[in-house]
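Right, one structure below, let's go through it.
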Amino acid sequence: MRFIWPISGLLAAALAFPEVPVGRPILENVGTSDLFPMPECFGFELEEATIDEMQHAMTHDNLTSTQLVTCYLLRNYQTAPYINSIMQVNADVFAIAAARDRERANGEVRGPLHGIPFIVKDNIASKDSMETTAGSWALLGSIVPRDAFVLSKLRTAGAVLLGKASLSEWADMRSNNYSEGYSAVAGQCRSAYNLTVNPGGSSTGSGVAVGANVIPFALGTETDGSVIHPAMRNAVVGVKPTVGLTSRAGVVPESEHQDSVGTFARTFRDAVYVLDAIYGVDPNDNYTLAQEGRTPEGGYAQFLTTKCALKGAVFGLPWNSFWVYADEAQQRALVELVGMIEAAGATIINETEITNYETLVSPDGWNWDWGTTRGFPNESEYTYIKVDFYNNIHSYLTELNNTSIRTLEDIVRYNYDNDGTEGGNPWPLGHPAFYSGQDGFLVSMETKGIQDEEYWQALEFCQSSTRKGINDALNHNGMKLSGLLVPPDVGQTYQIAAQAGYPMITLPAGIHEDSGMPYGLGIMQTEFAEAELVKWGSAIEHLQRASDTKYKRTLPTWRGHLERNIPVPF
Ligand SMILES: *[C@@H]1O[C@H](CO)[C@@H](O)[C@H](O)[C@H]1NC(C)=O
Ligand SMILES: *[C@@H]1O[C@H](CO)[C@@H](O)[C@H](O)[C@H]1NC(C)=O
Ligand SMILES: *[C@@H]1O[C@H](CO)[C@@H](O)[C@H](O)[C@H]1NC(C)=O
Ligand SMILES: *[C@@H]1O[C@H](CO)[C@@H](O)[C@H](O)[C@H]1NC(C)=O
Ligand SMILES: *[C@@H]1O[C@H](CO)[C@@H](O)[C@H](O)[C@H]1NC(C)=O
Ligand SMILES: *[C@@H]1O[C@H](CO)[C@@H](O)[C@H](O)[C@H]1NC(C)=O
Ligand SMILES: *[C@@H]1O[C@H](CO)[C@@H](O)[C@H](O)[C@H]1NC(C)=O
Ligand SMILES: *[C@@H]1O[C@H](CO)[C@@H](O)[C@H](O)[C@H]1NC(C)=O
């Protein structure tokens, strides 16, 4: 009954619509840009199509949701042997699409997402014939109590669940040295921009699939960077909301204090349609109570705007806090983009800093145990994350049926018992994708979930100092800034936002010349200031798209498409 792959559905679709080219790309004698061409979808130009364009075609032409599903499944069939962004296809996807098509034919359109296919990261529970495993064989066959709240909201909005996105197993909680984008269930997911390097994670497939036009939008989750990082590295828009705006009920957890469900799309408008569909108060996640009275009536799409809005905006550049860590070429490129924003009428304030950045920001890249590194475990993010994980995963597992996996201890034992697939022991005993074995789980297990003095000190320190740091930077000599512009390729940016529980977005902003991998321009803001982020993100995106700058989204180049290295370099 479980784990049914709709192969027959796929073949039926391919046979029924033979005019859509099926199969593998021609691999010889072609420039990389000619690889993996995306065919039209029944006369509709699907590559890079926006959600509005799809709606328009479904309303005015003869495009249907069923046809969209067919075309995206074929796109997945074409690309999966290379990038592996979707790890499981929903056996019900044609039935759901047909139901939405019937509704439309009867004049019922639920909203902007009606009939639009999407995927969710495999740590987001679906109560259907699909598995929810977080990428681990340990959860195969387990039965979830219900759809995750965010997924049920998307179903209600009329969107069509096409499958589950590949991810870094257990959203990167398990190991400290690992192959990003790898899970035992899915194998290695790779970025279509360069298949040999870190594709971004832990919401890897969510970013990769949207970036390679395998799906219009996706959900992912973030504890510390797992939305912003893969969005940035696949040249798509990523929105990581304030902790508590999007419910985590039904999501395989990492830390209740930092987990947030976020959205991936190719345009800001698309990402915001999805945010509007998923946010809200959920009795099964009491952190969502904090949003009451702090969300705009009518949702966030009303704040989407154009470059004209930039006249009068005032952005801060926390230069010494973050920008100094960006490599020189990227710094130059992003400063040029910032110059365009200034030329469009915005004021740029250089050197408005995160208060106490000298202490809070690791000078040496992303490091969620930075407090311990500098000698203060009682001021380190990892000190409470590892305790939270122990407790939060137990709560999640308690609600499952048909599994003997109930505790972190059970998972750890499972990994040891299945070393060859799950890499319980470090390489070379275990698996090359999990070089350090399950060291992340082991330190979490050691805590036994005990919230001691050190735990509370660390939580209080990280939350209050990063919140103060961001809020101070946003208040420049009494003037309230529109946002902080940052280079999200500098992992310390989303680390500070993560500890604060504050929102952050990333926009595609350019390509590293050596690797071909994309980077982004980020905006940071204070809690529940998503309306500001929507306004400025969409304004800057419009500015980019209305100009001939190269500092914006570009299509994947499929560099290294025949390589299959594992692990990918960290
Ligand atoms: C309707 O679909 C057919 C293919 O099934 C296509 O040839 C035609 O262009 C479409 N019509 C419109 C108005 O898009
Ligand atoms: C688990 O099984 C029990 C007993 O059959 C049932 O009452 C409960 O609803 C099931 N829960 C899930 C998550 O399927
Ligand atoms: C991480 O793993 C790689 C192999 O994937 C290894 O070369 C490297 O030394 C490891 N780093 C650390 C800090 O152990
Ligand atoms: C949510 O509920 C749990 C107990 O179910 C409690 O420990 C926690 O403090 C609550 N959190 C908030 C933000 O109310
Ligand atoms: C911001 O200030 C720093 C330090 O003075 C300087 O190095 C940098 O070039 C400035 N950046 C911009 C965009 O003006
Ligand atoms: C779940 O477990 C129960 C009790 O062992 C069994 O009757 C049921 O068939 C199982 N359900 C699935 C879907 O495997
Ligand atoms: C952490 O511990 C040190 C002593 O080792 C102390 O000086 C410091 O104030 C503590 N930090 C917090 C946030 O309590
Ligand atoms: C992929 O990126 C790596 C790391 O920057 C680089 O060495 C390699 O040349 C890139 N691959 C291609 C085909 O450009």
Side-chain angles (χ1 to χ4, degrees), residues 1-4 25 27 30-36 82-83 91-92 125-133 139-146 179-181 188-200 208 211 232-235 257 327-330 355-356 359-360 369-384 387 397 399-406 451-469 489 499-500 510-519 554-570:
M1 276 301 290
R2 316 228 69 227
F3 221 66
I4 300 167
L27 296 176
V30 284
T32 46
S33 56
D34 295 330
L35 287 165
F36 305 90
Y82 301 88
I83 55 176
D92 305 326
S126 64
K127 184 72 176 166
D128 51 19
S129 61
M130 284 192 288
E131 303 279 345
T132 303
T133 67
L139 288 189
L140 202 71
S142 65
I143 311 275
V144 300
R146 63 193 81 84
S179 192
E180 189 84 87
Q188 183 69 52
C189 175
R190 299 175 190 275
S191 170
Y193 289 83
N194 182 332
L195 282 78
T196 69
V197 299
N198 183 326
V208 168
M232 172 193 80
R233 285 183 77 77
N234 291 282
H257 292 106
D327 69 71
E328 211 178 297
Q330 181 185 173
T355 302
N356 208 12
T359 306
L360 302 181
D369 208 11
W370 167 236
T372 303
T373 305
R374 63 181 173 79
F376 296 93
N378 63 338
E379 298 179 357
S380 196
E381 178 187 356
Y382 197 48
T383 299
Y384 57 89
V387 172
L397 296 171
E399 282 212 276
L400 300 182
N401 263 1
N402 297 61
T403 181
S404 57
I405 304 288
R406 295 294 173 195
Q451 299 173 328
D452 57 13
E453 186 67 18
E454 189 174 79
Y455 169 93
W456 292 112
Q457 275 180 13
L459 179 62
E460 159 63 19
F461 176 84
C462 290
Q463 284 189 336
S464 61
S465 60
T466 55
R467 287 172 184 172
K468 177 171 167 38
D489 206 20
Q499 291 170 56
I511 299 284
H512 288 288
E513 272 178 22
D514 52 348
S515 63
M517 288 299 284
Y519 53 79
T554 51
L555 286 175
T557 45
W558 304 90
R559 289 202 202 186
H561 68 284
L562 295 182
E563 294 184 43
R564 293 292 178 274
N565 55 314
I566 292 179
V568 295
F570 199 75

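All ligand and atom numbering here is 1-based and tracks the order in the structure.
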- Query: Are the side chains of Leu139 and Leu400 in touch, meaning some heavy atoms are under 4.5 Å apart?
  - Reply: yes

- Query: Can a donor-acceptor pair be found between the side chains of Asn565 and Arg190 at a distance below 3.5 Å?
  - Reply: yes

- Query: Can a donor-acceptor pair be found between the side chains of Asp489 and His512 at a distance below 3.5 Å?
  - Reply: yes

Identity and distance of the protein heavy atom lying nearest [atom]:
atom                    : value
atom 5 (O) of ligand 8  : Ser515 CB, 3.2 Å
atom 11 (N) of ligand 8 : Asn194 ND2, 3.1 Å
atom 9 (O) of ligand 8  : Asp514 O, 4.3 Å
atom 12 (C) of ligand 7 : Asn378 ND2, 3.5 Å
atom 7 (O) of ligand 7  : Phe376 CE2, 4.5 Å

- Item | Proximal atoms of ligand 7 relative to Glu379 (non-hydrogen, under 4.0 Å) | 8 (C), 10 (C), 11 (N), 12 (C), 13 (C)

- Query: Considering only heavy atoms of Phe461, which atoms of ligand 7 have at least one such atom less than 4.0 Å away?
  - Reply: 13 (C)

- Closest heavy-atom pair, Ala458 versus Ser380, reported as atoms and distance to 0.1 Å, is CB-O, 3.5 Å

- Minimal non-hydrogen separation, Thr554 against Tyr193, with atom names: O-OH, 2.6 Å

- Task: First locate atom CG of Asn234, then atom CE of Met517, and finally report the distance between them rounded to the nearest 0.5 Å.
- Result: 5.5 Å

- Note on the structure: Rounded to the nearest 0.5 Å, the CG atom of Leu360 sits from the CD atom of Gln499 at a distance of 7.5 Å

- Task: Check whether more than 12 heavy atoms from other residues, nucleotides or ligands sit under 6.0 Å from atom NZ of Lys468, and answer yes or no.
- Result: no

- Enumerate the atoms of ligand 8 whose separation from the nearest heavy atom of Val197 is less than 4.0 angstrom. 1 (C), 2 (O), 3 (C), 4 (C)

- What atoms of ligand 8 come within less than 4.0 Å of a heavy atom belonging to Thr196? 1 (C)

- Can you tell which part of Glu460 has a heavy atom less than 4.0 Å from ligand 7: side chain, backbone, both or neither? neither

- Task: Would you mind listing which atoms of ligand 6 come within a distance below 4.0 Å of any non-hydrogen atom of Asn402?
- Result: 1 (C), 2 (O), 3 (C), 8 (C), 10 (C), 11 (N), 12 (C), 14 (O)

- Message: Using 30° and 60° as the class boundaries, would you call the ring planes of Tyr82 and Phe36 parallel, tilted or perpendicular?
- Response: perpendicular

- Message: Below 4.0 Å from ligand 8: does a non-hydrogen atom of Gly560 turn up there or not?
- Response: yes

- Ile143 to ligand 6, any heavy atom closer than 4.0 Å: yes

